[in-house]
Engineer: 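Here it is, the structure, as structure tokens.
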Number of protein chains: 2
Amino acid sequence: MEKPKPLWQAICDTLRAEIARGHWRTGSRLPTEAELAQRFDVNRHTVRRAMAALAEAGLVQSRRGAGVFVRAPARLPYHIGKRTRFHQNLLTSGRAPSRRILHAAIARATEAEAEALALPPAAPVHTVEGVSLADVQPISLFRSVFCATRFPQLGAALAAGQSVTAALKALGVRDYTRKSTRISGHIADVLQARHLDIAPGDMLLLSEAINVDTDGHPLEFGQTHFVAARVDLVLDGADFGPVVA
Amino acid sequence: MEKPKPLWQAICDTLRAEIARGHWRTGSRLPTEAELAQRFDVNRHTVRRAMAALAEAGLVQSRRGAGVFVRAPARLPYHIGKRTRFHQNLLTSGRAPSRRILHAAIARATEAEAEALALPPAAPVHTVEGVSLADVQPISLFRSVFCATRFPQLGAALAAGQSVTAALKALGVRDYTRKSTRISGHIADVLQARHLDIAPGDMLLLSEAINVDTDGHPLEFGQTHFVAARVDLVLDGADFGPVVA
DNA sequence: GTAGATTTGTCCGTATGTATA
DNA sequence: ATATACATACGGACAAATCTA
């Protein structure tokens, strides 16, 4: 971060994260502006600036003389289209993206993975698993698989914490696009719940995606379990091609 | 039906429906080919032909000497793209589409509906609610909203059980495309569970879509609650426009 | 561990209806 | 009309893998 974030924006992010985390329920009243000012040790006007941003985003609604009320359990709109990039996606929503790598290794492709990447069965593949976060809140668990024969050096770049886009770029992949996406609903097991800071049994949205290079060859097969309570998957019309066929 | 369906295909459909309905659990063994041949009163080879189709679809897996095993709880791939049509969608998956209208009326648009259709607040709208079925199995609950001022006659056509596409066609709408889709995860309440033949608390995938005419004007705002255990939402690459930008 | 029964996989063949050239 | 090709459906025999007693 080169530019320091304005104070009101930091407060806004903090409150948004707390609302998203369910710290305050939908419909409940937030602490008064005076109380929040004291908590963050800022002037009441700075709190008001943060509140204005939250109200603009439709997250809260203020009623004069009554207080500020939580409107909806803040769901992050995650855009899926021809070019779906995690970092860019969150930045346009004004959230801070980050990833925590849990595991990276070379393994034999499972049946599904080999088919998705158009590889022979049990071909060697890089596998990367981790947690995606927005403003320090877990958003999703991902598992990405790449052909190890084609990208021998990929493991190091990914384990070093680089984004997928950056790691691929370093290996000469200038661009990649999404070929297909499949979305299904599932239930979090104990392990997933631990990593995502939710309760076992909570809802997950599983997005299974195949990314291809400019030649149409499969590059990456990614499985991402989103916390359903925290994200909406949005398919933009612009990404569906021209409206008039 | 003009052309009679081949025997093996009918058997395939029957078994698929039974698997989808949960008649046989995931991982369990199906009756032997000999038993099925006796049940359907056909030759064993005909059963094998049906099995081959199920295996092709990834629904079952056979192990020589052991039997045929259910691979996955048959999820219907529901394709979402520029032109998403319920009937066509199911037909390409070899399932029989049908709808049951629960309620159709003219009402005032809610805030969200008015915004989606670009109408003034509380404008009059047709609302249609119902259940979508595949092979007599409930797939989703839908609620569609149309501008009542633009389509005064739409209510009758829809209540008569016509498809959305057919009803709009009768009113001069030659084509419509999907502008945007938002997918989120929810939990079924008691009422939804009753209509969808599931248990309260089961997972639902909510798809909120805006369809526009060829001029880009919003036509329909549709909210569809899919039974997560019965459908996958599939976004095809071809519908995202050309791969090479 | 072995033998035998069970079950799927593969090969042979025959007959029939349908679409195509 | 005729010939050809193809998908459907049936019947049988045996091999290979698996399960069970």
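A, B, ... follow the sequence lines: proteins, then strands. Residue 1 opens every chain.
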Engineer: More than 12 foreign heavy atoms under 6.0 Å from CD of A/E115: is that the case here?
Structural biologist: no
Engineer: If you check every side-chain atom of B/R29, which of D/dT18, C/dT7, C/dT8 has the closest atom?
Structural biologist: C/dT7
Engineer: For D/dT18, does either OP1 or OP2 sit under 4.0 Å from a side-chain N or O belonging to B/R63?
Structural biologist: no
Engineer: Check for me whether B/R143 meets the cation-pi criterion with B/F221, that is, NZ or CZ under 6.0 Å from the six-membered ring centre and within 45 degrees of the ring axis.
Structural biologist: no
Engineer: So, OP1 or OP2 of D/dC10: does either fall under 4.0 Å of a side-chain N or O from B/T46?
Structural biologist: yes
Engineer: Under 4.0 Å: is that the gap between some side-chain N or O of B/N43 and OP1 or OP2 of D/dG11?
Structural biologist: yes
Engineer: Distance to the ring centre below 6.0 angstrom and angle to the axis at most 45 degrees; does that hold for A/R83 and A/Y176?
Structural biologist: no
Engineer: Could you give the CZ-to-C1' distance, from B/R44 to C/dT7, as a whole number of Å?
Structural biologist: 8 Å
Engineer: Can B/R49 and B/E56 be counted as an ion pair, charged N to O under 4.0 angstrom?
Structural biologist: no
Engineer: Please state whether the phosphate of C/dG9, meaning OP1 or OP2, lies under 4.0 angstrom from any side-chain nitrogen or oxygen of B/S62.
Structural biologist: yes
Engineer: Using rotation axes that map the C1' atoms of four end pairs onto the next four (five pairs an end), what angle separates the end axes of the helix from C/dT2-D/dA21 to C/dA21-D/dT2, to 10°?
Structural biologist: 10°
Engineer: Side chain of B/R49, heavy atoms from C-beta onward: which of D/dT18, D/dC10, D/dT8 has the nearest atom to it?
Structural biologist: D/dT8
Engineer: Counting only side-chain heavy atoms from C-beta out, which of D/dC19, D/dC10, C/dT8 sits nearest to B/L7?
Structural biologist: D/dC10
Engineer: Is B/R150 salt-bridged to B/D213, cutoff N-O under 4.0 Å?
Structural biologist: yes
